[in-house]
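What's counted below: heavy atoms across the whole structure, side chains too, no hydrogens, waters or symmetry copies. Here, residue 1 is the first one in the sequence, and each next residue gets the next number.
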Amino acid sequence: MQHITWPVIALALMTAACDNGGSVRITTSTTSDSSGVLKVVDALQCPQTQGVLTRKGSARADGSCVYGGPRGSEVILQLVQLDGRSAQTALKPFETRLTADLPEAMAQVEAENARAEAAAAKAEADAARAEADADRAAAEASRVADEVAGDSAQVRMPGLRVDARGDKATVRLPGMKIEADGDRANIRIGGLTIRADDKSGRVNVSSGDDAVNIDATDSAARIRTSASGESVRSTFLMAANEPSASGWRTVGYEARGPVGGPIVVATVRSKDRDPDRLFDAAKALVTLNVGD
């Protein structure tokens, strides 16, 4: 996940384009933590050159360094103190400033998100109806179990399967699975998991740790990544097929550091159609300071 870059954006944009102007929303999740803890630094290392980048002058008064790249591209390397904030809160202003450079792309992505949220609300209503159907199915399974001699019962109907034995029961419906064991129950609806314990009165609802989120239309894409674990590893990218009024085509950042800070952030602005080398160089600057 940490090496997601322009091939992913290209795939998202091409997929959207092939759908006659539709949108692409991709979300994946992970709970693994394959990377180690990153270094705590109190000052930046700013080499004169890094890949396609060349430093402009000396470090600025705030300790940040400005680099120039191909076709007027720009990378700014900064050290950001968290001061008790979450990394997400500290990075939000960076995202806001960067997306302001691609207003048309931002508007397109947000419009698609609004349509997607409306679709999600409909899906939630459909899921509620499915859950009600599952409750009725579970009740029917219980009734059948009571009527059938012995400790076990099975129900087979189109789209419904119930297996019950003693205090345990499993109910399967399209897109849904319910497992009951005495006072405990697990309900899975798509990527949503609900765990309930009647004795303790506890209910836990989880959908996993979002690690990669891609929103794309036929002419713009926005990508966010984050890694779980004891360190901050976040990436933000926004790209447009056509340049903005200021000439930028791609903006983003790479941010890494200890979970308590400080974190090193490299912000990137590019006017190039193929900024892979620029982003690789920006990531290398961050890695040089805090590790991989």
Side-chain angles (χ1 to χ4, degrees), residues 2-14 16-17 43-80 90-111 214-225 233-257 263-290:
Q2 289 305 311
H3 300 288
I4 186 169
T5 182
W6 292 105
V8 176
I9 291 181
L11 176 61
L13 290 176
M14 287 188 293
L44 290 174
Q45 297 184 58
C46 296
Q48 179 64 34
T49 61
Q50 177 65 60
V52 295
L53 297 173
T54 300
R55 193 184 72 229
K56 295 182 177 180
S58 302
R60 298 194 294 195
D62 61 0
S64 62
C65 301
V66 179
Y67 287 83
R71 299 189 61 181
S73 57
E74 178 188 82
V75 171
I76 302 177
L77 190 67
Q78 297 173 256
L79 187 64
V80 179
L91 290 170
K92 184 63 178 176
F94 287 89
E95 181 176 326
T96 300
R97 289 193 293 270
L98 289 166
T99 53
D101 291 326
L102 292 176
E104 298 87 355
M106 182 66 175
Q108 291 173 18
V109 169
E110 290 299 335
I214 301 174
D215 298 318
T217 69
D218 58 348
S219 58
R222 179 173 62 190
I223 297 179
R224 296 185 182 95
T225 78
R233 291 179 172 86
S234 297
T235 301
F236 171 76
L237 300 172
M238 189 157 207
N241 282 348
E242 298 298 326
S244 65
S246 56
W248 304 116
R249 290 180 181 272
T250 308
V251 297
Y253 66 69
E254 176 75 16
R256 295 187 187 184
I263 58 176
V264 176
V265 183
T267 57
V268 181
R269 292 177 174 85
S270 174
K271 298 179 180 180
D272 203 337
R273 286 184 177 273
D274 184 17
D276 276 358
R277 293 185 302 160
L278 181 67
F279 274 85
D280 287 345
K283 183 177 292 186
L285 284 174
V286 174
T287 300
L288 173 67
N289 280 274
V290 294

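With contacts defined as side-chain heavy-atom distances shorter than 4.5 Å, the pair Met238/Glu95 does not qualify. By the 4.5 Å heavy-atom criterion applied to side chains, Pro47 and Tyr67 are counted as neighbours. Two residues are said to be in side-chain contact when any heavy atoms from C-beta on lie closer than 4.5 Å; Thr54 and Gln48 meet this criterion.
Note: Arg249 CZ to Asp274 CG = 11.5 Å, rounded to the nearest 0.5 Å. In this structure, OG on Ser73 lies 4.5 Å from CG on Leu278, to the nearest 0.5 angstrom. To the nearest 0.5 Å, atoms OG1 (Thr225) and CD (Glu254) are separated by 7.0 Å. How far CG of Leu53 is from CD of Glu74: 10.5 Å, rounded to the nearest 0.5 Å. In this structure, CZ on Arg71 lies 9.0 Å from NZ on Lys271, to the nearest 0.5 angstrom. Annotation: the span from Ile76 atom CD1 to Leu285 atom CG amounts to 12.5 Å, rounded to 0.5 Å.
Counting heavy atoms of neighbouring residues, nucleotides and ligands inside a 6.0 Å radius, atom CZ of Arg60 exceeds 12 of them.
With sequence neighbours excluded, no residue forms a side-chain hydrogen bond (donor to acceptor under 3.5 Å, both in side chains) with Asp272. Ser246 is linked by a side-chain hydrogen bond (donor to acceptor under 3.5 Å, both in side chains) to Ser244, counting only residues two or more places apart in sequence or in another chain.
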Exercise. Checking side chain to side chain contact (heavy atoms under 4.5 Å, CB included) for the pair Leu77/Asn289: CA distance, chi angles, key distance, verdict?
Worked result: CA-CA 10 Å; Leu77 190 67; Asn289 280 274; 3.7 Å; yes

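When Val80, Val286, Leu288, Thr287 are each tested for a side chain to side chain contact (heavy atoms under 4.5 Å, CB included) with Val264, only one passes: Val286. Partner of Ile263 under the side chain to side chain contact (heavy atoms under 4.5 Å, CB included) criterion, chosen from Val290, Leu91, Leu79: Leu91.
Pairing each heavy atom of Arg273 with each of Asn241, the nearest pair is NH1-O, 3.9 Å.
Although no hydrogens or angles enter the test, the distance criterion places no donor-acceptor pair under 3.5 Å between the side chain of Arg222 and the main chain of Leu237. Side chain of Arg277 to main chain of Val52: no donor-acceptor pair is present (N/O by atom type, distance under 3.5 Å, no hydrogens or angles).
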